[in-house]
Structures are given as C-alpha cells and as structure tokens.
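Worksheet for the structure shown next.
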Amino acid sequence: MALTGLEIYKLLPKTNCKKCGFPTCLAFAMKLSQKGIELSACPDVSDAAKAALEAASQPPVRLITVGAGDKAFSVGNEVVLFRHEKTFYNEPGLLVTIKDTDSADSAAKLVSDVSAYAVERVGKDLTLNGFAIKNASGDKATFAACVAAVATKTVLPLALLSTDPGAMEAALAKADGRNPLIYGATKDNAAKMAELALKHKCPLAVISTDGLDGLVEIVEIVTKAGVQDIVIDPGARGFADSLAALVQIRRLALKKNFRPLGYPVITFPGEGTNSPQEEAVLAGQHIAKYAGIVVLDHFSPETVYPLLTLRQNIYTDPQKPLQMAPGIYTVGDPTDNSPLYTTTNFSLTYFSVMGEVEASGVPSWILICDSEGLSVLTAWAAGKFDSEKIAKTVKSSGIEDKIKHRKIIIPGYVAVLMGELEDELPGWNIMVGPKDAVDISGYIKKVWTNN
Amino acid sequence: MPVEIPTEKWTGKIREVTLGGGGRKTVTVGGETALPFLHFEGSIPNRPVVAVQILDCRPDGWSEPLVRAWGDVVNDPAAWAKKAVELGADIVFCTLASAHPENQNTGAAEAQTTAKKLLDAVDVPLIFYGPEVSDKDNEVLVAVSDATSGLGMALGVCEEKNYRTIVASCLANGHVAVGRAPIEINMQKQLNILMCDLGIKPDRILMDPTTGALGYGLEYTYSVMERLRLAALGGDSMTSMPMLCTVGHEAWRQKEAKSSDGVPEAWGSLEERGILWEELTATTLMSAGADIVVLRHPRTVEMVKSTIKKLMGS
C-alpha cells in the first residue's frame with residue numbers, strides 16, 4: 001500500500017543534507033510519495049528503510065496473470081475487504097477440473113463444452129476461464145499426454161495440478177507459451193517447482209498442509225529462489241475453515257501489508273463438499289469472500305450460470321451502477337401503431353424489460369428515462385423517475401413523431417404516477433403495466449388487441 | 001515464526017431477539033460480537049436460522065418445481081406448516097396473501113383463523129407478513145397480533161410510511177416488529193429509531209433490509225447488510241438488530257427460477273437452477289449478516305441448514 005509523504009519522511013535520515021537535490025528530507029519525501037523521484041537519490045537511506053519503502057510500493061495483493069493471449073485472466077490487485085469501501089477489481093478465475101484418468105472422449109467433450117460456454121447477462125457475455133488438469137494417474141507420460149490433448153483443443157488458460165516435479169516438467173513442455181499456473185509447490189518439492197516456474201516463466205501455486213504458518217514458509221522458499229508470481233493455497237477445504245483462512249489472508253495483506261501472503265488465493269470447493277450443488281454453494285462463498293481462482297470439480301450449465309451471475313454481482317463497481325443511455329430503443333420492427341413502454345436506465349431494469357418484450361413477440365418501442373442508473377422503485381423514491389421526468393423524455397426524445405397513437409405503458413410499481421402524468425402529457429392515455437417484467441407478455445396480449 | 005492473525009476489536013454486539021415463548025418453543029437470533037462465521041474474533045452464540053415461507057392460500061403463479069416439491073399441502077396452511085417443520089424449518093413464515101384486495105380480500109377474521117390453525121399445527125415460532133398493502137396489513141396483522149398475544153410472534157412489515165399501528169400492536173401483545181427500508185442504511189436506522197420512539201424495545205425489532213435476489217440487486221442488499229453489520233459491531237446501537245431476508249420470495253419470482261421454455265440452453269435445467277438461485281441468494285446474504293433467511297424450496301432448506309451447521313463449525 002502506498003505510503004504518505006509523512007510516513008516516508010519517518011523512514012529517511014532526517015539530516016536535511018540536500019544531497020538528493022531537495023532542501024529538506026520532508027520535501028524529498030513528498031516528491032517520493034508522488035513517485036516523482038527514485039529513493040536511490042538519497043545516498044544515506046538505511047537498508048531497513050529501503051525494504052519498507054519497497055514493500056509499500058507493491059500492491060497489497062499481487063496481480064497474477066494466468067494464460068496467454070486474449071483469454072488470459074488476471075487476479076489480485078484488490079485493495080478493500082468490503083466492496084462498498086471501493087470495489088473489487090479482478091473477478092476470480094473459474095476453472096473446471098479435468099483428470100488425466102478421464103477417458104479421452106469425455107475429456108474432449110468437457111473441454112469443448114466449457115470452452116464454448118457463454119451466457120449473456122446485462123449486456124455482457126459471462127464465461128468460464130479455463131481448466132485445471134489434474135495428474136490423478138500419478139503417471140508422468142499420462143499427465144503430459146492429457147495436457148497436450150487439452151492444449152490443442154482450447155485456447156483457455158490452464159492450471160497444471162501435480163506435486164511431482166518430473167510430471168510437471170513433462171506437462172510444461174506440452175503447454176509451451178501458454179503461461180499455465182503450476183500447482184504446485186509443497187514443502188517437499190518447493191525448490192524444484194520454483195526452478196520450473198523460473199525456467200518456464202509461469203506463475204507458481206504454493207500449497208500448504210499446515211495452515212498459514214506452513215504457507216508462509218513455502219512462500220519464503222520460492223520467493224528466495226526468485227519466483228515473484230505466486231498463488232497461494234492455505235489448504236482449508238470446508239466452509240468454516242476456508243472462510244477464516246481467506247479472511248485472514250486478505251486482512252494480513254491489506255491491513256498489515258504482510259508480503260508473504262500478499263497473493264491471490266486458489267480454492268477447491270469440490271474437495272470440501274459432497275455434491276455438485278453443495279460445491280456450487282461453497283464456490284459462491286469463495287467468490288464473495290476473497291478467492292482469486294476457484295477450481296470446480298463439476299460443470300453443468302445450471303450450476304455455473306448462477307455462479308457466473310454471482311461473480312458479476314459481487315464485482316460490479318458499487319459506485320457505478322450499470323446504466324443505459326437514455327432514449328428510444330426498439331424491439332423487432334415496430335410501426336407507428338406498436339406499443340410504447342417506458343422505464344428507467346438501470347441496465348438490469350432495461351435488460352429485464354427488453355428480454356420480456358422480446359419474448360412477447362410484439363414489436364415495440366421502449367423509452368428509457370435517465371434515472372441515473374437507479375431501478376424503478378429506488379428511482380421513484382429518490383425523485384429520479386417521476387411524471388415530470390417521463391413527460392420531458394417523451395417530449396425531447398422525438399418518440400411523438402414515430403408513433404400515431406398516444407399511449408404509454410408505465411411500470412406497475414409507479415402506478416401512482418398515472419394522474420400526474422396525465423396532467424403532464426395532455427391527450428395521452430397512461431397505461432399501467434405489470435410490476436414485474438416477467439408478466440409483460442401476458443399483459444400486452446391482453447391490452448394491445450385493438451391494433 | 002507463527003503468523004499473527006489480525007482480529008478486529010469490536011465494541012458493539014448484535015442484539016439478541018427471541019421469538020416464541022408463552023409456553024411455546026423459542027428461537028433466539030443475534031448476539032454476535034464478530035462478523036458472520038468468523039469464530040476466531042468473537043462469539044456467535046446463536047446460529048442463523050431458517051424460516052420457511054408458506055401462504056395462507058393456494059399460491060398463484062409460483063414456479064412449477066416449487067409447487068411440485070410441496071405437493072398437496074399448499075392447499076392447507078396447517079398441513080404446509082407441519083411439513084415445513086418436518087423438513088427442518090426453525091420458524092414458519094406465513095404471508096397473509098389472501099388479504100390482498102386483488103386476491104380474496106380476506107380480513108381480520110380469516111387471518112385470526114389462519115393464525116390459530118398454525119399455532120395448533122406447529123410449536124415453532126411464527127412470523128406473519130401481510131399482503132403489503134398498508135390498510136390491509138394493519139387490519140390483518142393487528143388481528144393476528146391480538147389473537148396470539150404473549151406468544152412472541154414477529155409481524156411485518158413496518159415501513160416508514162406505515163409502522164405505527166403494527167408497532168403499537170406488537171408492543172401491546174409482546175410481539176417482535178419487523179422493519180423494512182428500501183436497501184438503504186440510513187433509512188433502516190431511521191426506521192429503527194422511529195419504531196423505538198413508540199416505546200417498543202430495541203430487542204423486539206428485526207430488520208428486513210429488502211432482499212435483492214441473485215442477479216436482481218443481490219449486491220445492493222449484500223453491501224447494505226455488510227455496512228449495517230459493521231456499524232453495529234462498531235458500536236451503533238440503532239443498527240444492531242438482527243436481520244431477516246425474504247430470500248425465497250425474491251429468488252423464486254425471477255425468470256431464472258421460473259422459466260424453462262424459451263430460455264438459453266446455457267441456463268441449464270430449471271429445477272436445479274432455481275434451487276441454486278435460492279441457495280446462493282441465501283448463503284451469500286448469510287455471509288453479509290443475515291440472521292433469519294426465509295426460504296421456499298425444501299431442498300434449499302436442507303442445503304442451507306447443512307451449510308449453517310458447517311459454518312458454525314460442527
């Protein structure tokens with residue numbers, strides 16, 4: 001975490017010797033805090049101060065990239081414990097496990113299903129991030145062959161799961177240039193795995209079977225060997241212990257600037273649970289509470305869709321609700337006789353309404369009012385979606401030139417606006433639509449028969 | 001060198017609220033001096049509990065897998081409540097939906113009959129919500145309140161525009177009042193203060209922060225709950241009431257939990273998707289501080305209860 005000028009000043013010699021070119025140590029510290037000069041300009045700085053300043057210039061949770069090319073994903077760089085304090089920046093990578101003991105056919109099908117999986121939500125395509133290939137066979141050649149087969153079938157990032165350095169070396173040779181995550185270094189193989197990570201320039205996961213203390217020991221071994229890109233596995237697998245470990249790691253990194261644990265955490269919710277459904281519930285906990293990479297043992301659309309939605313929710317910037325540009329939107333090819341709906345510009349509201357109007361099969365106009373990204377009820381409560389706003393949007397949008405009728409459907413939750421809106425828009429027929437978008441189809445079929 | 005675990009020194013404590021009593025089974029929620037499930041830094045004397053939502057009339061427009069899971073009991077609130085308790089409900093949460101003017105527009109007498117039937121059918125604490133139309137809420141909730149005097153019901157919802165009648169009746173009959181603000185920390189606190197001004201004790205109040213389902217505003221509820229909980233643990237006595245989330249009601253009315261036709265293949269099977277939609281909404285909000293989650297599907301009840309048990313370290 002960046003230090004303030006005053007905090008830096010405390011670490012300087014405080015001699016005001018001017019050798020750095022500044023009149024005082026304080027002035028130098030201020031410049032340093034703005035990153036306007038290098039610490040090396042001070043000839044008398046102590047080693048302890050150097051180390052402290054260097055640590056402070058690193059992000060509290062190191063940014064780690066897995067994979068190469070367009071599909072590479074980066075995790076870490078988080079700066080808060082609670083999303084309302086700022087935001088969570090880098091969505092955790094979701095990987096699906098493939099075992100090298102799976103049949104070639106089933107592995108190939110899984111690779112193609114996961115790689116092709118995409119689901120659209122609030123205008124974004126939500127996808128899974130890659131594969132974790134597990135050396136379940138314990139055999140070097142089998143592992144390497146499996147990695148080779150998967151690597152040719154997908155461009156998604158890979159994690160290679162084996163604690164046997166020989167198997168890892170063989171597998172790395174088959175994933176050249178793919179920047180896979182090496183998982184990983186234990187207290188028994190740390191030196192050899194570090195060597196492989198350095199040689200192949202890949203990120204390295206550190207695996208503890210002895211809690212955070214054990215984790216720190218192994219991290220120190222691999223960092224001393226020169227490895228910088230690290231992912232950590234504290235070894236906790238259940239609901240309670242993994243929550244505690246992830247919270248403690250994030251707190252140590254953020255509040256204590258504790259370097260040995262300032263890395264993204266990898267979790268394995270399938271290992272602490274008894275069914276795909278329960279795995280998904282634990283994966284959800286890891287997404288909300290601080291995981292950097294979540295490895296799933298099961299893949300099915302009905303479990304990953306809710307998880308991807310949760311990830312999108314938690315990682316939405318609380319200061320910037322997703323919003324649409326106000327104005328006229330069309331569904332299908334509307335004519336001057338087609339229905340006109342109005343709602344707010346909160347993107348979720350818009351997409352819900354849009355989806356349901358589409359599903360109704362009736363080409364329509366949708367007039368989006370600027371509610372500053374608030375949903376219907378919240379916007380109404382905050383005075384950002386009232387009769388005046390709707391009337392003004394009707395007048396300024398040019399919708400009056402596009403339709404012959406003078407009917408506008410307002411959301412059911414703001415039925416109370418009907419009277420006022422009739423006053424604001426003389427000659428218009430204000431129609432109250434359903435409260436929930438899901439009922440639009442039934443509603444429009446009932447009321448829009450005369451056209 | 002062992003890693004020094006950083007713990008927060010909280011000065012506040014969540015209030016303990018007890019439902020039931022008067023000879024009936026009790027359930028106590030709250031009392032935490034730590035963030036949810038962080039046993040290493042404080043005490044969590046009471047686990048979060050599961051309430052199962054039933055209606056006083058046959059549900060209309062409920063998701064098909066949900067109705068199928070319950071079977072015939074949806075035609076009889078007493079049978080429904082019994083089955084809910086058999087499946088593990090700590091509390092039965094009954095929505096007096098039939099009182100809605102667009103439903104059957106039932107009144108005080110019918111509400112009292114339902115309440116008495118439920119009291120006879122189960123011994124767990126009960127929570128009653130009205131149809132959320134102010135006049136009708138006041139009518140049916142006061143009727144239930146009078147008919148169950150001294151038995152520690154929770155009644156809701158109290159909102160800033162309509163709380164006096166319900167709070168006064170809870171006060172008179174020894175019940176707990178549930179206050180709901182629209183996902184807004186200051187309004188929630190303000191409502192607590194207004195309710196206390198009427199004389200109800202702070203430990204007879206539950207907060208309903210307004211639940212957004214997964215994909216439909218979950219993150220807003222999540223963050224408001226985290227802020228409420230942090231404020232309470234930080235020593236703010238007017239945000240320290242336990243929180244209740246109407247998870248099932250919100251999760252199961254979303255398209256993801258309702259539709260199997262005309263949805264993308266990437267959504268997968270409706271039933272599993274719908275259940276997980278509810279489960280993830282519940283467990284995510286528990287990790288933000290929910291003390292009572294109100295659920296609908298029997299399988300969610302089972303999963304959430306087992307998750308709570310594991311999070312409590314047993």
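If you measure heavy-atom distances from Ile183(B) to chain A, you find no contacts under 4.5 Å at all. Within the 4.5 angstrom heavy-atom criterion, only backbone atoms of Ala118(A) (N, CA, C, O) approach chain B. Heavy-atom distances place both the backbone and the side chain of Glu278(A) under 4.5 Å from chain B. Heavy-atom distances place the backbone of Glu265(B), and not its side chain, under 4.5 Å from chain A. Residue contact with chain A, scored on non-hydrogen atoms closer than 4.5 Å, involves the backbone and the side chain of Ser269(B) alike. Heavy atoms closer than 4.5 Å to chain A are found in both the backbone and the side chain of Phe37(B). For chain A, the nearby parts of Leu214(B) are the backbone and the side chain; heavy atoms of each come within less than 4.5 Å. Contact annotation for Glu356(A): only side-chain heavy atoms (C-beta onward) come within less than 4.5 Å of a heavy atom of chain B. Proximity to chain A (any heavy atom under 4.5 Å) is restricted, for Ser306(B), to the side chain, taken from C-beta onward. Heavy-atom distances place the side chain of Ser275(A), and not its backbone, under 4.5 Å from chain B. Contacts of Tyr117(A) with chain B are made by side-chain atoms alone, with heavy-atom separations under 4.5 Å and no backbone atom involved. For Val281(A), the parts sitting under 4.5 Å from any heavy atom of chain B are the backbone and the side chain alike. In this structure, no portion of Asp210(A) lies under 4.5 Å from any heavy atom of chain B. Using a 4.5 Å cut-off between heavy atoms, Ala381(A) does not touch chain B at all. Residue Tyr315(A): no heavy atom, backbone or side chain, is found under 4.5 Å from chain B. Within the 4.5 angstrom heavy-atom criterion, atoms from both the backbone and the side chain of Pro6(B) approach chain A.
With rounding to the nearest 0.5 Å, the separation of CG in Leu38(B) from CD1 in Ile44(B) is 6.5 Å.
For residues 273-280 of chain B, a heavy-atom distance under 4.5 Å to chain A picks out Arg273(B), Ile275(B), Leu276(B), Trp277(B), Glu279(B), Leu280(B), given by residue number. Residues of residues 297-308 of chain A having a heavy atom under 4.5 Å from any heavy atom of chain B, listed by number: Pro301(A), Glu302(A), Thr303(A), Tyr305(A), Pro306(A), Leu307(A).
Between Pro260(A) and Val219(A), the closest heavy-atom pair is O-CG1, 3.3 Å.
Between Tyr163(B) and Val157(B) there is no side-chain heavy-atom pair separated by less than 4.5 Å. Taking 4.5 Å as the limit, some side-chain heavy atom of Val293(B) sits within range of a side-chain heavy atom of Val304(B).
Taking the centre and axis of the six-membered ring of Trp62(B), the NZ or CZ atom of Arg296(B) falls inside the cone set by 45° and 6.0 Å. Seen from the ring of Phe88(A), Arg250(A) counts as a face-on cation partner, given the 6.0 Å and 45° thresholds. A cation-pi contact, defined as under 6.0 Å to the ring centre and within 45° of the axis, is absent between Arg83(A) and Tyr220(B).
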Please evaluate residues Arg251(A) and Glu41(B) with respect to the criterion salt bridge (Lys or Arg N to Asp or Glu O under 4.0 Å), reporting the C-alpha separation (whole Å), side-chain torsions for both, the decisive distance (0.1 Å), and the verdict.
CA-CA 13 Å; Arg251(A) 277 197 193 161; Glu41(B) 71 176 11; 2.8 Å; yes

Could you walk me through whether Asp317(A) and Lys86(A) pass the salt bridge (Lys or Arg N to Asp or Glu O under 4.0 Å) test, one step at a time?
CA-CA 8 Å; Asp317(A) 185 345; Lys86(A) 191 164 177 71; over 6 Å; no

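Ranked by heavy-atom pairs under 4.5 Å with chain B, the first of Val438(A), Thr349(A), Leu310(A), Asp241(A) is Leu310(A).
Within a 6.0 Å radius of CD in Glu271(A), other residues, nucleotides and ligands contribute more than 12 heavy atoms.
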